[in-house]
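Throughout, a chain's letter reflects where its sequence line sits, starting with A, and its residues are numbered from 1. Any value given below was found using the heavy atoms of this structure, including those in side chains, with hydrogens, waters and symmetry copies removed.
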Number of protein chains: 4
Amino acid sequence: MTDKQILSSVKDQELIEKRRTQMVQGAITLFKEKGFHRTTTREIAKEAGFSIGTLYEYIRTKEDILFLVVDSIHHQVRDQLEAKINLATPSVANFVSVIQSYFHLMDDMQEEVLILYQEVKSLKKESREYVLRKERDMISMLERVIAACLPDEIAKQDVELLANNIFVQGQMWGFRRWILQKQFTLEEYIDGQINYLLKGLNIKAQPDEGFTQKGGV
Amino acid sequence: MTDKQILSSVKDQELIEKRRTQMVQGAITLFKEKGFHRTTTREIAKEAGFSIGTLYEYIRTKEDILFLVVDSIHHQVRDQLEAKINLATPSVANFVSVIQSYFHLMDDMQEEVLILYQEVKSLKKESREYVLRKERDMISMLERVIAACLPDEIAKQDVELLANNIFVQGQMWGFRRWILQKQFTLEEYIDGQINYLLKGLNIKAQPDEGFTQKGGV
Amino acid sequence: MTDKQILSSVKDQELIEKRRTQMVQGAITLFKEKGFHRTTTREIAKEAGFSIGTLYEYIRTKEDILFLVVDSIHHQVRDQLEAKINLATPSVANFVSVIQSYFHLMDDMQEEVLILYQEVKSLKKESREYVLRKERDMISMLERVIAACLPDEIAKQDVELLANNIFVQGQMWGFRRWILQKQFTLEEYIDGQINYLLKGLNIKAQPDEGFTQKGGV
Amino acid sequence: MTDKQILSSVKDQELIEKRRTQMVQGAITLFKEKGFHRTTTREIAKEAGFSIGTLYEYIRTKEDILFLVVDSIHHQVRDQLEAKINLATPSVANFVSVIQSYFHLMDDMQEEVLILYQEVKSLKKESREYVLRKERDMISMLERVIAACLPDEIAKQDVELLANNIFVQGQMWGFRRWILQKQFTLEEYIDGQINYLLKGLNIKAQPDEGFTQKGGV
DNA sequence: TATGAATGAGTGTTCATTCAT
DNA sequence: GATGAATGAACACTCATTCAT
């Protein structure tokens with residue numbers, strides 16, 4: 001549904017998907033290093049493994065690449081987060097576990113998230129709005145988890161604020177790594193944040209164990 | 001101390017300061033609109049009120065301008081925040097008041113803070129580290145306020161985490177305005193955040209009033 | 001005889017003719033709109049109803065298409081003009097009628113003639129000379145009509161000049177339409193031109209009627 | 001008054017004029033050879049004697065160059081023609097002399113006139129209309145000459161037709177040179193055309209001399 | 001000190017043409 | 001014979017930076 005918006009001269013849908021995946025992977029690699037503006041379409045083509053002419057068979061403008069990249073990152077985050085959410089038997093432990101997974105995910109995708117933050121404003125209005133809508137969806141996912149697991153304790157507006165805070169605290173681990181990652185290990189950071197969250201909600205944390213799952217996400 | 005790092009062909013220190021102030025103001029105006037990469041040195045010179053030749057008498061490269069801009073924004077934030085901090089008689093109310101001031105400040109400087117977030121990575125390593133050091137200073141200010149006003153209740157690592165959270169929550173109001181400012185007024189946002197902070201610290205909020213000062217920052 | 005000069009990978013002569021006809025029709029449509037240089041081979045293929053690969057099975061270069069187009073236009077003009085010429089019983093009325101037919105033809109083919117004028121110089125020397133030879137043939141046709149119908153009154157060089165003038169005045173109706181077609185109807189234009197022609201030749205025009213045939217060409 | 005429409009980053013008006021003159025001369029040289037589309041902006045810059053960057057200080061787009069070229073050619077033709085027109089004591093001889101001058105001028109400027117014919121359609125609507133208006137002015141000049149010198153003999157619509165015919169016959173000498181210049185010398189061509197003109201107007205040509213001035217234009 | 005014209009490497013993008021399937 | 005994905009040379013245009021005045 002996404003990719004249809006980006007026009008391609010090539011007709012074979014599978015090929016389009018394959019080439020765009022290559023393109024996006026190459027672009028992400030380069031954007032991490034040098035950002036969108038300092039990266040050349042030629043460099044992206046080379047990194048993706050095909051010629052500049054071929055690149056432009058699958059997109060119309062450089063901005064299209066940025067859109068595909070941003071969209072792809074969102075998809076990854078969303079899909080992986082969704083996989084962690086199981087609201088069959090909602091509970092505080094359930095909530096905690098989702099938050100932990102989300103923080104680990106943000107750890108894995110630090111640099112991708114940085115791209116999101118730094119380059120979204122380079123998109124044209126329409127694409128930007130599309131992307132922001134996607135982000136709202138992700139926050140909604142967190143809201144649903146909160147509402148399901150902590151049902152009676154918290155007003156609608158508080159749910160929203162909480163979801164936003166969690167969302168940003170996860171991203172913060174990555175885009176403020178130069179300070180946070182000197183002061184905390186990931187586990188410490190997660191424990192600390194969850195601790196405050198629960199206390200702020202007047203929920204008792206289990207006293208004798210950290211919240212952090214041991215095995216990573 | 002800052003400006004000495006940026007070389008200028010001009011000798012007159014006062015003049016340097018004056019021209020750079022013009023230049024930075026022009027640049028900020030333009031960066032808000034179009035970001036660093038899409039803004040031309042010519043445009044900056046024009047906006048500043050002098051010629052491109054003159055511009056280059058006071059800097060060496062376009063990146064120098066970005067550095068000056070980022071540095072200037074930091075200074076502004078820092079100075080205004082410092083003015084709000086009075087630790088003569090530390091108290092919870094005192095802490096709350098500083099946080100409120102900081103949030104109002106972040107509201108005023110939304111777009112400047114956006115520049116910080118989106119363009120710092122365009123600085124060369126050395127400048128970037130300089131800028132990040134400045135940011136650390138600001139977080140330290142918050143840490144000092146926390147440590148002074150809430151002395152016994154909170155471990156060192158928690159202070160750090162808290163300071164970072166507050167710092168980012170303030171910035172978040174601006175750079176996530178497209179979602180937050182649809183859901184909350186500034187006062188609601190501030191009240192909500194402070195509420196959680198204090199509850200997370202097991203401090204009772206005064207029951208019969210919002211925390212928000214009425215008269216703006 | 002023409003098409004043999006343009007090489008094709010395909011052997012079947014009928015197919016060649018069919019495909020080239022499609023190609024030429026598509027190309028003319030596009031050239032009218034945007035000219036030769038602004039029209040893409042891809043666009044021509046699409047307009048012709050087959051793929052770019054197929055297009056190149058029937059020609060060698062883009063210029064070949066232009067040649068085919070120009071040649072085709074010439075053929076059309078020539079064939080239609082030839083059909084109007086009947087020198088069995090030559091007379092002034094006969095002459096007038098041919099001229100009228102020619103002017104009507106030029107009216108019908110305004111845009112095609114424009115292509116001739118604007119793009120012939122884009123042909124390589126050899127093709128250009130071929131095309132110009134064809135044009136000379138058409139002028140010769142006019143010369144023959146003049147010589148046959150107005151035999152005694154006019155020297156050889158004058159015949160040539162006259163033929164050229166008539167030829168250009170016909171084209172002029174199309175390629176200067178932005179001015180002529182505001183000032184004259186086609187009938188007025190034809191009458192006017194023929195009037196001068198005959199007076200310049202000291203031939204009396206029939207006093208009580210316009211020369212213009214009523215039923216178009 | 002013309003050039004103001006083409007924006008330049010350079011402020012010095014004299015310099016603009018100088019550089020644009022260089023540019024236009026270089027461009028004309030190249031357009032004669034290869035036409036507008038096959039000529040590169042870099043080639044124009046080189047031919048003009050400056051860098052591609054400098055070229056773009058004086059224009060915005062390649063089309064601007066074409067406009068300047070077309071406008072310059074028109075100016076030249078117009079100015080030179082105007083210099084030949086002296087209607088103080090109008091007479092048939094006067095008329096003949098202007099026509100002769102015009103034909104000689106068209107001979108001198110054959111290739112420039114070709115550019116006019118072949119490239120005007122590459123201009124955007126607005127510029128094209130501006131150029132066509134200029135051309136109408138030139139035809140008006142011819143109309144005025146005709147009306148002044150041959151006052152009683154010819155209706156308004158006939159004046160218009162005549163002016164257009166003369167105008168095109170002049171240009172035709174150049175853009176149909178491959179045929180005309182094989183059949184006629186310039187003098188023969190001029191004599192022939194004027195001869196028909198006058199006969200068509202029932203004016204007696206002086207019997208014992210050609211009309212052609214001996215000394216060229 | 002101030003100016004602004006000059007520079008040219010670099011960028012996004014196009015498009016005629018090829019060739020494996 | 002037909003297809004259309006791949007190619008890369010070529011192009012118009014930009015912009016940070018310099019330097020003579």
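- Between His37(D) atom NE2 and dC15(E) atom P there is a gap of 11 Å when expressed in whole angstrom units.
- Side-chain N or O atoms of Thr39(C) include one that pairs as donor or acceptor with a backbone N or O of Gly35(C) at under 3.5 Å.
- Under the side-chain contact (heavy atoms from CB on, under 4.5 Å) rule, Leu68(D) has a single partner from Val24(D), Thr21(D), Ile73(D), which is Val24(D).
- Residue Tyr56(B) places at least one side-chain N or O closer than 4.0 Å to OP1 or OP2 of dT17(F).
- Ser8(A) comes within 4.0 angstrom of no nucleic acid atom, judged by non-hydrogen atoms across all strands.
- When the C1' atom of dT17(E) is taken as reference, atom CD1 of Ile59(C) falls 10 Å away, rounded to whole Å.
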- Go through the steps for Arg42(B) and Glu57(D) under the test salt bridge (Lys or Arg N to Asp or Glu O under 4.0 Å), then give the verdict. CA-CA 13 Å; Arg42(B) 269 175 163 92; Glu57(D) 293 288 312; 3.0 Å; yes
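- For the pair Lys62(B) and Phe36(B), the cation-pi test (distance below 6.0 Å, angle within 45°) is passed.
- Atom CG in Leu30(D) sits about 12 Å away from atom P in dA12(F), given to the nearest Å.
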Per-residue pairing states of DNA chain E in dot-bracket (Watson-Crick or G-U under 3.5 Å; . unpaired, | other strand) read .||||||||||||||||||||
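- Within 6.0 Å of NZ on Lys121(C) lie more than 12 heavy atoms contributed by other residues, nucleotides or ligands.
- Between the side chain of Arg128(A) and the main chain of Val120(A), no donor-acceptor pair closer than 3.5 Å is present.
- Between Leu66(B) atom CG and dA16(F) atom P there is a gap of 13 Å when expressed in whole angstrom units.
- In this structure, the CD atom of Glu63(B) is 13 Å from the C1' atom of dA16(F), given to the nearest Å.
- A straight line from CZ of Arg60(B) to C1' of dT18(F) spans 12 Å, rounded to a whole angstrom.
- A donor-acceptor contact shorter than 3.5 Å is absent between the side chain of Arg19(D) and the backbone of Leu55(D).
- Whole-Å rounding puts the Ile6(A) CD1 to dT13(E) P distance at 12 Å.
- Within a 6.0 Å radius of NZ in Lys32(B), more than 12 heavy atoms belonging to other residues, nucleotides or ligands are found.
- Dashed line: the shortest gap from a side-chain N or O of Thr41(C) to OP1 or OP2 of dA16(E) is under 4.0 Å.
- When each of Glu47(C), Glu43(C), Glu111(C) is tested with Lys34(C) by the rule salt bridge (charged side-chain N to carboxylate O under 4.0 Å, His left out), just one qualifies, namely Glu43(C).
- With rounding to whole Å, Phe36(D) atom CZ is found 13 Å from dC11(F) atom P.
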Per-nt protein contacts along nucleotides 3-10 of chain E (heavy atom under 4.0 Å; B base, S backbone sugar-phosphate only, - none) come out as BBBBBBBB
